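Shown next, in structure tokens, is the structure this report addresses.
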Number of protein chains: 2
Amino acid sequence: MARKPANLEPGKIRETVLAAALHLFAMRGYFNTSVPEIARAAQVSVGSIYHHFKDKEDVARALYYGLMDGLQGELAVIAERHESAHDRCRAIMAMLFQLTENNREAMEFMLHAKHREFLPDDPPVCSSRPFATMRAFVEAGMDRGEVRRADPMVATASLFGGAIRLITARLDGALDTPLPGLLDACWECGWRGIAA
Amino acid sequence: MARKPANLEPGKIRETVLAAALHLFAMRGYFNTSVPEIARAAQVSVGSIYHHFKDKEDVARALYYGLMDGLQGELAVIAERHESAHDRCRAIMAMLFQLTENNREAMEFMLHAKHREFLPDDPPVCSSRPFATMRAFVEAGMDRGEVRRADPMVATASLFGGAIRLITARLDGALDTPLPGLLDACWECGWRGIAA
DNA sequence: GTCTATATCATGATAGAC
DNA sequence: GTCTATCATGATATAGAC
């Protein structure tokens, strides 16, 4: 029944499948993407996908957590490079804008995955590690006197909320300007809002 | 084959179905809700649903535009009651917070409907009438000298972005505080960010 | 206009050869 | 570990009685 052993590299298929899945999920949506379609796009058989992943949801989950880990890594780098809350948070905003332009599919998937009815009982975005890290940066800024004392949740949401809305607008095609060109203006508004 | 004529009131079924659909969509998601389930919840037959709506997507669409119209109506009232951009926008933020607490299902559905893979080729939220109206209020504020001159999209996103993030967090269960209690703090941040 | 019953179809997941 | 072929399920949408 089989045809190609095709054992190219170990763990290679996993990555190939995830990349194909991300592309299809971003383009047509999770529910409008079938497993055979992923298999075709990844040039892999359906059986192989079910060998590497428990089910379709598991593919989405692996994708989600992989991307979140990547983001968390970026935040760690930023934390090392910058000291003040101001510099750290500005770097984060710049990074998010850049990521949106460079890998819109990843951004699209991360932003909306939780609201898309798969991954039923997983912690929501706002309690995800990346968001918690951002909040920690803002709180540190309060301790350092850079940021006005306030509810950390409110302050963090206010600082980054505008940027996230712009990212959403950009992904929806409601915004023609590349985001990095709006960074200065967006940062200005966000920071003014919470600065001490 | 039929059993109950049950013709209670004209146009009554439509509303009943929409209410049931909203409830189920918000709870289990659009794709995890079947038409028979909607029928059962609405105490109506499947055939009746297909008589009143073209298909399942049409139910979602009717729901979406109905809710958007309601929101637009609220904005119109606010525009009449208040003159300045400051007062108008603050009233909007308060109204959004209130709506989230009073009718979280509606808010949930409006916020995420566009990102949920149905309603494929409809204008995205950011170009929706309500959002455009909010932008218009902000622009008017610029003309009046209340709001710092800036890209209207950026300013509007910054002003309301924090509130929207809090709403999302609240809907995700990541926030225990009722939103109205955070209004002052959230408004303070948003307005500071864009005030002249 | 409303109902029940059913046709049609696509999907997720599995079985089993190689 | 990878493949092909198939099953079983459950959905959408329709047909047709009343």
Side-chain angles (χ1 to χ4, degrees), chain A residues 1-25 27-64 113 116-121, chain B residues 1-25 27-64 113 116-121:
Chain A
M1 225 168 168
R3 200 169 289 171
K4 285 183 274 178
N7 201 336
L8 299 173
E9 294 178 40
K12 184 69 179 175
I13 279 198
R14 223 188 132 81
E15 297 312 312
T16 311
V17 168
L18 286 177
L22 173 59
H23 185 67
L24 288 171
F25 288 169
M27 202 156 67
R28 322 197 21 183
Y30 174 83
F31 287 96
N32 301 322
T33 300
S34 68
V35 177
E37 277 171 338
I38 299 175
R40 211 176 313 130
Q43 310 231 39
V44 162
S45 76
V46 176
S48 203
I49 291 183
Y50 278 98
H51 178 76
H52 286 275
F53 301 92
K54 186 177 161 293
D55 52 19
K56 185 175 149 187
E57 201 175 294
D58 193 42
V59 175
R61 210 190 322 269
L63 206 44
Y64 181 71
R116 263 181 168 160
E117 307 169 17
F118 46 96
L119 315 188
D121 25 50
Chain B
M1 226 167 168
R3 199 168 291 172
K4 285 183 273 178
N7 201 335
L8 299 173
E9 294 180 38
K12 185 68 178 175
I13 280 199
R14 221 186 135 82
E15 297 311 312
T16 310
V17 168
L18 287 177
L22 173 59
H23 185 66
L24 288 171
F25 289 169
M27 201 156 68
R28 322 198 22 184
Y30 175 84
F31 287 97
N32 301 322
T33 301
S34 68
V35 176
E37 277 171 337
I38 299 174
R40 213 174 314 130
Q43 310 231 39
V44 163
S45 75
V46 176
S48 202
I49 292 184
Y50 278 98
H51 177 76
H52 286 275
F53 301 92
K54 187 178 160 291
D55 51 21
K56 184 175 148 186
E57 202 176 294
D58 193 42
V59 175
R61 211 191 321 270
L63 206 43
Y64 181 71
R116 262 180 170 163
E117 308 168 17
F118 46 95
L119 316 188
D121 26 50

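Source: prediction; values computed, not measured. All chains are named by letter (A, B, ...) in the order of the sequence lines, taking the proteins before the strands, and each is independently numbered beginning at 1.
Look at CZ on F53(B): it is 16 Å from C1' on dT12(D), rounded to the nearest Å. One interatomic measurement links the two molecules: NZ of K12(A) to C1' of dG1(D), which rounds to 17 Å at whole-angstrom precision. One can place CD of Q43(B) at 12 Å from P of dT4(C), the figure rounded to the nearest angstrom. The distance from atom CD of E57(A) to atom P of dT11(C) is 18 Å, rounded to the nearest whole Å. Here the P atom of nucleotide dA11(D) and the OH atom of Y30(B) are 13 Å apart, to the nearest Å. The distance between atom CZ of F31(B) and atom C1' of dG10(D), rounded to the nearest whole Å, is 15 Å. Rounded to whole Å, atom C1' of dC3(C) lies 16 Å from atom CZ of R40(B). Spacing between atom CG of D55(B) and atom C1' of dA11(D) amounts to 13 Å, rounded to whole angstrom units.
Summary of the strand contacts: G47(A) and T33(B) both lie near DNA chain D, and taking for each the nucleotide with the nearest heavy atom, the more 5' one is attributed to G47(A). Across the interface with DNA chain C, nearest-nucleotide mapping of K54(A) and N32(A) shows N32(A) to be the residue nearer the 5′ end.
Of the listed nucleotides (dT14(D), dG12(C), dC3(D)), dG12(C) has the atom at the smallest distance from the side chain of P36(A). Taking only side-chain atoms of S34(A), from C-beta outward, the nucleotide of dT2(D), dG12(C), dT14(D) with the closest atom is dG12(C). Here the side chain of Y50(B) is nearest to one of dT2(C), dT2(D), dA13(D), namely dA13(D). Comparing atom distances between the K56(B) side chain and each of dA13(C), dA13(D), dT2(C) picks out dA13(D) as nearest. Of all nucleotides listed (dT2(D), dT14(D), dA13(C)), dT2(D) comes nearest to the side chain of H52(A). Of the candidate nucleotides dT2(C), dA13(D), dG1(D), dG1(D) has the atom lying nearest to any side-chain atom of H51(A).
Taking NZ of K56(B) as the reference point, atom CZ of F31(B) lies at 7.0 Å (rounded to 0.5 Å). Considering CD1 of I49(A) and NE2 of H51(A), their distance stands at 12.5 Å, rounded to 0.5 Å.
When side chains are defined from C-beta on, R61(A) does not count as touching K54(A), because their heavy atoms never get closer than 4.5 Å. Y30(A) places none of its side-chain heavy atoms less than 4.5 Å from the side chain of V59(A).
Between S48(B) and dC3(C) there is a side-chain polar atom (N or O) within less than 4.0 angstrom of OP1 or OP2.
Closest of all the heavy-atom pairs between S45(A) and A39(A) is C-CB, 3.9 Å.
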